[in-house]
Amino acid sequence: MTEKLTNIIKEKGPIKKIGVIGMGYVGIPAAALFADSEEFDLVLGFQRDSPSSGYKIEMINRGESPLKGEEPGLEELLKRVVDAGKFQCTPDFSRIAELDAVTLAIQTPFADPKALEPDFGALKEGIRNVGRYLQPGMLVVLESTITPGTTETMAKEILEEESGLIAGEDFALSHAPERVMVGRLLRNIQEHDRIVGGIDEASTDRAVELYSPVLTKGKIIPMSATAAEVTKTTENTLRDLQIAAMNQLALYCEAMGINVYDVRTGVDSLKGEGITRAVLWPGAGVGGHCLTKDTYHLERGVTMGSDVLDYPEDAESIYVLARRVNDFMPVHMFNLTVAALKRLNKDIKGAKVAMLGWAFINDSDDARNPPSEPYRDIAIEAGAEILVHDPHVLEYPGVEIHKNIEDVVSGADVVLIFTGHKEYFSLTPDAIQSLTGKQNTVIVDGRNVIDPDTFIDAGFVYKGIGRGDKNNHSLN
Ligand code: SAJ
């Protein structure tokens, strides 16, 4: 920590004016909550006036949220702070110069999911814009999910290069990762504990001053910037690992002819006094924009580490292995499909497959990195004819999403359940049989939605993830 920065900040006084860069599902609620606090006088939301998202500027300045879907409390909060003149949206990045603190909440997607290289292009542009107008004593906070080491290296370098100022001496620099879930944005920001990590103590302290006023139930957990980056990527990496542990167990249970859900109930019964196991759920795969990428951020971060990693020779990272197990599940769904058809002396080639569920998560329209996509790709490759139903997903590039389940199931040889949408829990053998018109329709349950015996007794050829006790049932 340098005296110089501490003195400049003391001279500047408490944070009063804040900027938020990136008017998306992280930036908008964050800006509105800063504006709603008595501690702060003005919040500026910065949005490029681009053809694709420039419309947000006008909308936000009318007090309307450009975010899709239900966000409890956000519309009213936005209206209130805009009408009070405490929050406004602008494309004029030069106004950064009048602020005390700036946060950046800019997406860091994969440039190409196969390459697993993050696309930091938009984030770098945002950081460069801040650097151009950076003033002594300002605080800069990165909220995006980033590879551990990014704040201390890439962000610091760009800000210093653009401003001619020195991080940790002339300005404060921190990382405070977002932990919000669509549908509960405001509540998550207010109630989740907030990880706040500075490149030095003065930066951490200034970021603690910025975030404390918006927390209700949540508390601040201060640490270094790199520890904060590792915390964020690790919380998703460990979740992915826990899911992979259950997916691997499901595959073992199928091989051993037992029901993974009996085993899960048994293991989960060991509770309390610190002996609880985090047993998640096996399924048709892991999708979304968090768990599919954060493991690779963590893995890349460790290569940027200061010391050589001491690790068992030639052993693969368990985290990367977890990703491989989870990415295998759609392939396993395909293998179950082929095995079931074989029991009817049918081939996947030319088979009509009805896929129920495209979204990566139950009862949602979010179809980012859906496990259903790799299944569809390999099944089409193998010559199957695929129709996709999803009650929530409206469209997806290159895939026709049907809204009428009858259109998708009629004449099908195979019915697949890929997403546990609540609509699918009421599927009955008769309804499906009358649509498929088949003596023995194949049904493959990827999300433990249907009761195996109900369908087996009605003549279906059943396969289910983890259902080793049912997957080789006798045919009626
Ligand atoms: N999944 C399983 N088995 C499980 C849980 C999930 O197969 O037991 C699958 C889901 O079907 C889905 C994928 O994993 O395809 C991801 O599901 P998710 O519930 O983790 O949802 P995400 O990807 O939206 O994760 C977000 C993360 N939140 C943030 O990044 C702020 C994650 O850290 C949260 O733990 C998670 O939400 C949550 O708990 O809701």
Side-chain angles (χ1 to χ4, degrees), residues 24-27 29-30 69 71 105 107-110 113 143-146 176-195 218 228-251 260-261 264-265 267-268 277-298 319 322-323 325-330 332-333 356-375 390 392-393 417-422 424 445-449 464-466:
Y25 76 95
V26 177
E71 286 302 338
Q107 277 268 18
T108 54
F110 272 132
E143 293 198 357
S144 310
T145 302
I146 45 185
E178 54 86 5
R179 295 170 124 180
V180 295
M181 278 296 295
V182 167
R184 43 192 202 238
L185 298 175
L186 290 180
R187 192 155 52 84
N188 284 171
I189 293 176
Q190 293 174 307
E191 297 181 2
H192 278 167
D193 290 344
R194 192 73 194 237
I195 311 296
E229 292 161 335
V230 173
T231 300
K232 171 65 187 177
T233 48
T234 300
E235 63 194 24
N236 288 333
T237 299
L238 292 186
R239 182 170 174 83
D240 195 57
L241 178 64
Q242 288 163 351
I243 297 168
M246 291 311 286
N247 281 332
Q248 179 160 328
L249 180 64
L251 298 173
V260 72
Y261 296 97
R264 184 185 185 284
T265 304
V267 171
D268 196 34
R277 303 290 189 276
V279 278
L280 286 167
W281 299 92
V286 172
H289 58 297
C290 304
L291 277 56
T292 53
K293 68 174 174 45
D294 288 349
T295 296
Y296 298 112
H297 276 310
L298 181 59
Y319 302 140
R323 286 274 68 240
V325 168
N326 288 336
D327 283 350
F328 175 71
M329 297 315 282
H332 181 57
M333 288 287 284
L356 304 187
W358 188 258
F360 88 87
I361 199 153
N362 304 350
D363 306 321
S364 163
D365 66 351
D366 198 333
R368 281 175 283 192
N369 307 308
S372 43
E373 185 162 33
Y375 176 96
D390 194 292
H392 304 284
V393 177
I417 301 172
F418 238 94
T419 314
H421 291 319
K422 61 176 180 302
Y424 301 144
D445 186 357
R447 295 290 175 192
N448 193 30
V449 165
I465 297 274

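Counting starts at 1 for both ligands and their atoms, following the listed order.
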side-chain contact (heavy atoms from CB on, under 4.5 Å) between T292 and F360, worked out: CA-CA 11 Å; T292 53; F360 88 87; over 6 Å; no
NZ/NE/NH1/NH2 to OD/OE distance under 4.0 Å, D294 and K232: no
Gap separating the CD1 atom of I146 from the CD atom of E229, nearest 0.5 angstrom: 4.0 Å
Salt bridge (charged side-chain N to carboxylate O under 4.0 Å, His left out): pairs with one or both residues in residues 178-188, sequence neighbours excluded: R179-E235
Any side-chain heavy-atom pair of Q107 and Y25 under 4.5 Å: yes
Any donor-acceptor pair under 3.5 Å from N326 side chain to V286 backbone: no
Residues in the immediate environment of ligand 1 (any heavy atom closer than 4.0 angstrom): R179, V180, M181, R184, K232, N236, R239, I243, L280, W281, G285, V286, G287, C290, L291, F360, I361, R447
